[in-house]
Amino acid sequence: MSPLLSLRGLGVRYSGATAAALEGVDLDLAPGERLAVIGESGSGKSTLARAIAGLLPQTATLEGTIAWPGLDHPARNGRDIGFVFQDPGSSLDPVMSVGKQVAEVAHANLDMDWRAAMRLAVELLDRVRLPEPSVLAHAYPHQLSGGQKQRVAIAAAIAARPRLLIADEATSALDTIVQAEIVALIRELVAEDGMALIFVSHDIALAASFAERIAVFRHGRMVELAPTVELVAQPRSDYSRALLAAHLGLEAHSGAGI
Amino acid sequence: MNRALRLLRRRLIGSIPVLLIVIVGSFLLLEAAPGDAVDAYVASVGGDAGMIEALRQSWGLDASPMTRLAAYLWALLHLDLGHSVAFSRPVLDVVLERLPNTLLLMGAATALSFALGTALGILAGARPGSARDRLLSIGSLALYAVPGFWLALVLTIVFSVELRWLPLSGMETIASGKTGFARALDIARHMVLPVTSLGLIYLALYLRMMRAGMAEVWRMDFTLAARARGIGRRRIVLRHVARNALLPLVTMLGLQSAQMLGGSVVIESVFSVPGLGRLAQEAVGSRDTPLLIGIILVSAVLVIVINLLVDIAYAALDPRVGANEANA
Amino acid sequence: MSLRRLFRSPEAVAGFVILGLLGAMALTAPLLFPGDPLAIAGQPLLRPFQDWALPLGTDRLGRDVLAGLFHGARTSLAVGLAAAAASILVGSVVGTVAGFAGGLVDEVLMRITDAFQTVPGFLLSLALVSVVGPSLSVVVAAIALSAWTGPARIARAEVLSIRERDYVASARVIGMHPIEIAFREVLPNALPPVLALSSVIVAAAILTEAALSFLGLGDPNRVTWGGMIAEGRAVLRSAPFLSVIPGIALVFSVLGVYLAGEGVVESTAAREGQA
């Protein structure tokens with residue numbers, strides 16, 4: 001089966017920066033696959049996510065190719081790629097009702113009239129498990145909690161049933177309990193819609209809990225790409241080993257506390 | 001709507017001390033002016049020394065300053081703004097007669113400058129840093145530096161003297177006998193130059209504010225998020241960026257009302273528009289301090305009312321207004 | 001270093017060139033045109049570029065327009081700078097006291113500020129000049145009377161954020177008097193954002209002075225551009241240049257102040273952004 005997305009020699013350089021933000025990335029993503037992209041801040045993982053979605057600033061220059069063998073057209077934002085940002089507080093327009101913000105995705109990408117788009121938005125708010133979706137659709141972002149806002153952002157991202165969902169640190173601004181709920185929700189939605197998922201995170205344990213493959217990034221390079229089971233059991237690179245060790249250390253520590 | 005009502009009540013209560021301070025200030029200015037109300041009255045009506053003394057007593061002008069202030073407040077409560085020397089009529093009557101013309105001038109100038117300024121600001125702010133943006137920015141700055149009264153004269157030279165397209169001055173053609181639509185059209189023709197002269201400087205202001213506001217909104221994540229959701233550029237510019245950048249302009253609409261009233265003095269003088277501003281100049285010319293103070297008081301009330309209206313409009317445009325109070 | 005950045009922007013350069021010219025005109029006026037600019041210099045209503053002794057012509061009474069322009073620059077600049085300095089001084093003192101004292105003092109001072117912003121500034125200036133009588137210092141006071149509120153608000157906001165900082169707390173600990181703390185520790189740190197406003201205030205002051213003079217409320221013993229424009233109005237049809245020339249000088253001066261001010265603010269912002 002041909003991959004959905006294929007990256008060859010992908011590199012990104014921001015103007016004025018001495019080092020490349022991303023260099024020589026080769027990666028194939030199968031349709032419906034769940035890939036976790038792990039790294040510390042500055043590792044290039046968010047740059048990778050934004051490069052795939054064509055959201056890099058104009059000052060950035062791109063090398064290599066981003067191809068979509070799984071699509072018969074160039075990927076379009078919203079329609080083919082859904083993107084969830086880190087901070088749900090700032091990724092929603094403060095003066096537009098959340099229902100409208102979900103509906104405008106359907107309106108823009110699915111050629112729906114506003115009435116149908118609003119109906120779909122309410123359904124989507126229900127799908128992301130928001131209470132009383134028909135009431136909540138008229139609420140504004142400031143009236144919602146952080147977790148609720150992220151659910152709205154997810155509803156907007158999947159509104160046009162994209163083939164790929166990119167979650168860029170989508171849970172790291174939330175507290176642990178909400179984080180787990182959002183991860184569970186993303187997992188469920190991906191499974192139901194058969195979407196591929198790129199889950200960008202600094203948390204290798206969280207990623208390992210549901211990704212099929214893990215890509216580890218450091219200093220703009222992909223240092224390791226392996227199936228999750230393999231990477232956790234036998235990390236090939238020292239860096240992956242260190243990341244796992246750090247995490248296991250935490251685990252052992254908290255385990256001892258119980 | 002409850003939210004807006006709560007806000008309105010709070011603002012109304014808040015404006016009472018402000019108005020009181022304005023009144024006390026007006027009283028002090030009146031006291032500082034050479035001559036008192038009796039001098040003014042006698043100057044216009046006439047009278048001898050004995051009558052002046054009697055009037056002073058009956059108007060309470062020989063009492064202590066505090067008593068006089070109390071009497072002044074009491075009179076204001078009864079909408080008595082004193083007596084105009086120059087017109088030999090109650091100040092309030094003269095002021096109210098002129099007010100509609102100024103409101104028309106200000107309203108039209110505000111509408112022109114806000115609509116055009118916002119639209120041009122969106123054009124400039126849609127692509128920050130573009131050639132169009134730079135051109136509009138510099139153009140607006142130049143416009144912002146033009147004094148309204150001078151612009152008025154230049155426009156007069158071009159459109160009234162040279163081209164003869166528009167009337168030179170006045171509010172409407174005198175004794176034209178026009179009624180209804182024809183009269184409205186005549187007034188509109190007379191108002192083109194005053195409205196343009198008064199409004200252009202604010203057009204530049206709104207343009208610059210809109211542009212700066214949009215540049216700020218572009219830096220926010222939700223514009224990138226909207227792009228990531230496949231929303232068209234046009235819709236992002238208009239419904240997200242411009243919509244958010246519009247909010248501070250609405251506040252400015254209220255803040256500018258006081259300045260625009262001040263600006264109407266020179267513009268109305270240049271075009272002989274019988275409004276509040278020209279009245280103020282006439283009051284200065286004839287040393288009619290009670291009239292001038294009356295104009296200031298009415299203007300202050302007008303500014304307070306305009307700001308109240310603007311607050312309501314703002315609350316309707318920004319869902320976040322008053323949200324904190326509900327929680328508190 | 002920051003000067004180099006300042007002069008990289010063509011707008012800022014233009015602004016400083018204009019201001020330099022304006023300053024030169026103001027300073028050289030008594031040298032180049034030693035006589036009274038209000039005195040008759042030649043035949044009335046002489047058009048510009050006819051007589052090289054009077055290059056910009058003469059007005060209705062035969063007064064030299066170029067001399068008026070130079071001496072007018074003096075008045076505009078003097079009034080603009082003095083009024084701006086006065087409003088910034090009054091505004092920052094009021095703002096500092098309000099922000100530092102807090103409580104009732106703050107409440108009263110801010111309501112007074114509100115009141116001054118509610119009354120149209122130009123009407124207030126008009127009232128003061130008409131009650132006290134027109135002279136240069138009265139015009140300056142009249143302009144400052146309506147222009148101090150902006151600096152006051154900004155100074156107060158700054159002071160509110162500064163007064164909780166460590167160095168203020170330590171000044172309290174060593175037993176400094178509150179007034180001393182307010183004016184020696186807090187005010188100097190609150191000043192930069194207030195000063196960033198100064199170009200706008202200077203520009204507004206120049207325009208207000210011109211408008212007052214235009215209405216005949218300027219100092220009658222001085223040449224002002226506003227007065228020259230008003231003077232030219234009487235012969236607007238036959239000699240429009242009399243109103244147009246001083247107006248252009250006015251526009252360029254205000255534009256120069258804006259451009260230079262914006263250049264300074266932007267170059268300091270860029271420096272802070274880099275730090």
Side-chain angles (χ1 to χ4, degrees), chain B residues 14-15 17-22 24-26 29-30 32-34 137-138 141-142 144-151 153-154 156-157 161-162 201 255 257-266 269-270 276-277 280-281 283-285 287-289 292-293 295-297 299-304 307, chain C residues 10-11 14-15 107-108 110-133 146 200 203-204 206-208 210-212 214-217 225-226 229-230 232-233 236-238 240 243-244 246-248 250-259 262:
Chain B
S15 59
V18 172
L19 195 58
L20 269 175
I21 295 171
V22 172
V24 172
S26 308
L29 258 178
L30 269 176
S137 296
I138 293 180
L141 196 64
Y144 201 48
V146 176
F149 63 90
W150 183 72
L151 181 68
L153 288 179
V154 172
T156 308
I157 295 172
V161 177
E162 295 295 329
I201 192 165
L255 294 177
S257 59
Q259 269 203 40
M260 208 182 227
L261 261 172
S264 69
V265 175
V266 269
S269 300
V270 170
L276 217 53
Q281 198 218 348
V284 171
R287 306 212 145 268
D288 192 344
T289 312
L292 187 58
I293 301 295
I295 294 169
I296 288 180
L297 279 179
S299 305
V301 172
L302 190 63
V303 169
I304 289 174
N307 275 292
Chain C
E11 286 98 331
E107 188 64 27
V108 169
M110 286 333 279
R111 288 299 80 75
I112 292 177
T113 313
D114 280 344
F116 271 91
Q117 285 186 320
T118 301
V119 173
F122 191 70
L123 283 182
L124 199 60
S125 307
L126 216 60
L128 189 76
V129 175
S130 88
V131 166
V132 186
S146 57
V200 178
I206 292 177
L207 287 175
T208 308
L212 282 172
F214 178 73
L215 293 179
L217 291 167
W225 291 342
I229 295 172
R233 253 188 97 186
L236 199 59
R237 278 165 198 279
S238 54
S243 287
V244 171
I248 289 173
L250 205 48
V251 171
F252 269 97
S253 308
V254 174
L255 193 58
V257 173
Y258 279 141
L259 288 175
E262 215 162 74

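Protein chains get the first letters and strands the later ones, always in sequence-line order, with residue 1 at the start of each.
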### B:Val270, part contacting chain C, at a heavy-atom distance under 4.5 Å
both
### Message
Under 4.5 Å from any heavy atom of chain C, what part of B:Thr289 do you find: side chain, backbone, both or neither?
### Response
side chain
Output the distance between atom [atom1] ([X]) and atom [atom2] ([Y]), rounded to the nearest 0.5 Å.
| X | Y | atom1 | atom2 | result |
| --- | --- | --- | --- | --- |
| C:Thr118 | B:Leu302 | OG1 | CG | 11.5 Å |
| C:Arg233 | B:Ser269 | CZ | OG | 7.5 Å |
| C:Leu123 | B:Leu276 | CG | CG | 7.5 Å |
| C:Thr208 | B:Gln259 | OG1 | CD | 8.0 Å |

As an exercise: rank [options] by heavy-atom pairs under 4.5 Å with chain C and give me the winner.
| options | result |
| --- | --- |
| B:Ile296, B:Leu151, B:Val301 | B:Ile296 |
| B:Leu261, B:Asn307, B:Val265 | B:Val265 |
| B:Leu29, B:Ile157, B:Val161 | B:Ile157 |
| B:Val146, B:Val24, B:Leu141 | B:Leu141 |
| B:Ala142, B:Gly285, B:Pro17, B:Gly148 | B:Ala142 |

### Task
With a 4.5 angstrom heavy-atom cut-off, could you sort out which part of C:Ala203 is near chain B: side chain, backbone, both or neither?
neither
### Message
At a 4.5 Å cut-off on heavy atoms, which part of C:Ile206 comes close to chain B: side chain, backbone, both, or neither?
### Response
neither
Tell me which of these, [options], has more heavy-atom pairs under 4.5 Å with chain B than the rest.
| options | value |
| --- | --- |
| C:Gly121, C:Ala211, C:Ser253 | C:Ala211 |
| C:Ser130, C:Ala204, C:Gly247 | C:Gly247 |
| C:Val129, C:Leu259, C:Val119 | C:Val119 |

Provide the closest heavy-atom pair for [X] versus [Y] in the form atom of the first, atom of the second, distance.
| X | Y | result |
| --- | --- | --- |
| C:Asp114 | B:Val18 | CB-CG2, 3.6 Å |
| B:Ile21 | C:Ala115 | CG2-CB, 3.6 Å |
| B:Ala145 | C:Leu207 | O-CD2, 4.0 Å |
| B:Leu292 | C:Ala127 | CD2-CA, 3.4 Å |
| B:Ala258 | C:Pro120 | O-CB, 3.2 Å |

### Message
Measuring only between side-chain heavy atoms, which start at C-beta, is B:Val284 closer than 4.5 Å to C:Leu215?
### Response
no
### Message
Restricting to ring-ring contact (aromatic ring centres under 6.0 Å, His included), what partner residues turn up for B:Phe149, sequence neighbours left out?
### Response
C:Phe214
#### Entry: salt bridge (charged side-chain N to carboxylate O under 4.0 Å, His left out) partners for B:Arg287, two or more places apart
none
### Query
Do B:Trp150 side-chain atoms and C:Gly226 backbone N/O form a donor-acceptor pair below 3.5 Å?
no
